[in-house]
Participant: 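Have a look at this one before I ask anything.
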Amino acid sequence: MPHITNIEDLRVLAKKRVPRMFYDYADSGSWTESTYRANEADFNRILLRQRVAVNMEGRSTRTRMAGQEVAMPVAIAPTGLTGMQHADGEILAARAAKKFGIPFTLSTMSICSIEDVARGTDHHPFWFQLYVMRDRGFIERLIDRAKAANCSALVLTLDLQILGQRHKDIKNGLSAPPKLTLPNILNLMTKPRWCLGMLGTQRRQFGNIVGHVKGVENMGSLAEWTAKQFDPALSWNDVEWIKKRWGGKLILKGVQDIEDARLAVDSGADAVIVSNHGGRQLDGAPSSISALPAIADAVGSRIEVHMDGGIRSGQHVLKAVALGARGTYIGRAMLYGLGAMGEAGVTRALEIIHKELDLSMAFCGRTDINTVDKGILLPGSWQHLESRQ
Ligand code: GLV
């Protein structure tokens, strides 16, 4: 794969190979997409401080996230409909993560089920992301299924009780599997690899839901399910209840505000993810990287602070770690790899990010990721981005 040297190469190839409605689902934000764009653009405004004549031998990017040893401070983010970017996508991405030595997080809204991923990875531990739905019995069953599948952390999403509007999904009539309308058939005819893959698998619906909820034998659209089933009344009491029921490592995803970060500490969670859901929920919210420093300063000594949103390179990971993140998550960078080349593409994405992280850390004069701090950033190059509250 000599022609694939960065995440952008994978994105371009994924765009060619993945049906438009699923590519668009991944590569989009809500409303004007200004927060979606800012997530990545703000990273690029932070400058690194080059050091020279420093011994660069014996480098390590190994660290820990939520008590787990990781090959680099990167986990795979939970992303909906991953198995529509490529047949059996969640299993393939989980295998790539396992081989690389980083956590894979399975979304509630995945195509492959919890059990599929457990079997597909020989029961290697993975993380499970939970949405809170009105049907508490279903939530209890999901938690129990995650426990039975050897999941080692629960990632509870707090910022998607109602769905932000993504124009492209509405216009494309997003559904899984895609409806066989004329425009969809014409588009699928240009994606032979994808179609072949899908013909070779049975996994074409929301695997954690269809067949597990009474009366739900097929369920096309995420938007419809969210509107009907997600609980808009989610509160910190529910977090407490879920923490008790789960009993293991709990990571709270979707915090942008210091006040919420403090409440997350009070809830007794193990980690909090500074996130705006990849710019897919509240358009107009600050970029994740600009929200990170204040939250890390306020609660970083009492809870592990992670971040996601806009990470397309190892340099972005390095900058997030410098600004206080103990770990980061990649969603789209993984999806582009998956859509482009299946498991090999996810592995390629991880290799690219790792190499960029390792070399950039060294250029900044550090050899151990655990020593990276604000000292590697050019003074004055990041404070202007900050959204202090
Ligand atoms: C979540 O599943 C999303 O579509 O952002």
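Order of listing sets the numbers, starting from 1, for every ligand and every atom in it.
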Participant: Indicate whether any N or O donor in one side chain lies under 3.5 Å from an N or O acceptor in the other, for Gln165 and Arg280.
Facilitator: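 Short answer, no.
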Participant: I would like to know whether Asn44 and His316 meet side chain to side chain donor-acceptor pair (under 3.5 Å); could you show each step before the answer?
Facilitator: CA-CA 8 Å; Asn44 298 331; His316 296 165; 2.9 Å; yes
Participant: Looking only at the side chains, is there a donor atom on one of Thr35 and Asn276 sitting less than 3.5 Å from an acceptor on the other?
Facilitator: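 Judged by distance alone, the side chains do not pair up.
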Participant: May I ask whether Arg166 has any heavy atom positioned less than 4.0 angstrom from an atom of ligand 1?
Facilitator: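 So Arg166 counts as touching ligand 1.
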Participant: Determine whether a donor-acceptor pair (N or O, by modelled atom type, separation under 3.5 Å) exists between the side chain of Thr105 and the backbone of Ile76.
Facilitator: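 Yes, Thr105 side chain to Ile76 backbone: donor-acceptor pair under 3.5 Å.
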Participant: If you measure from each non-hydrogen atom of Met109 to ligand 1, which part falls under 4.0 Å: side chain, backbone, both or neither?
Facilitator: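 Near ligand 1, Met109 shows nothing, with every heavy atom at 4.0 Å or more.
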Participant: Quick one: does ligand 1 sit under 4.0 Å from the side chain of Leu222, the backbone, both or neither, non-hydrogen atoms only?
Facilitator: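 Side chain only.
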Participant: Which residue supplies the protein heavy atom nearest to atom 5 (O) of ligand 1, what is that atom called, and how far is it?
Facilitator: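 Closest protein heavy atom to atom 5 (O) of ligand 1: Arg280 NE, 2.7 Å.
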Participant: Within the 4.0 Å heavy-atom shell around Tyr25, which atoms of ligand 1 are there?
Facilitator: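 Within the 4.0 Å cut-off of Tyr25, ligand 1 contributes 1 (C), 2 (O), 3 (C), 4 (O).
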Participant: Which atoms of ligand 1 are found less than 4.0 Å from any heavy atom of His277?
Facilitator: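 The atoms of ligand 1 under 4.0 Å from a heavy atom of His277 are 1 (C), 3 (C), 5 (O).
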Participant: For Asp283 and Ser34, does a side-chain donor sit closer than 3.5 Å to a side-chain acceptor?
Facilitator: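 Per modelled atom types, Asp283 and Ser34 side chains form a pair under 3.5 Å.
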Participant: What's the shortest heavy-atom distance between Lys243 and Leu250, and which atoms?
Facilitator: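 That would be CB-CD2, 3.8 Å.
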Participant: Which ligand 1 atoms are under 4.0 Å away from a heavy-atom of Tyr131?
Facilitator: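 So the answer, numbered in order with elements, is 1 (C), 2 (O).
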Participant: For ligand 1, is any non-hydrogen atom under 4.0 Å from Gln281's backbone (N, CA, C, O), its side chain (CB onward), both, or neither?
Facilitator: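 Gln281 to ligand 1: no contact under 4.0 Å from either part.
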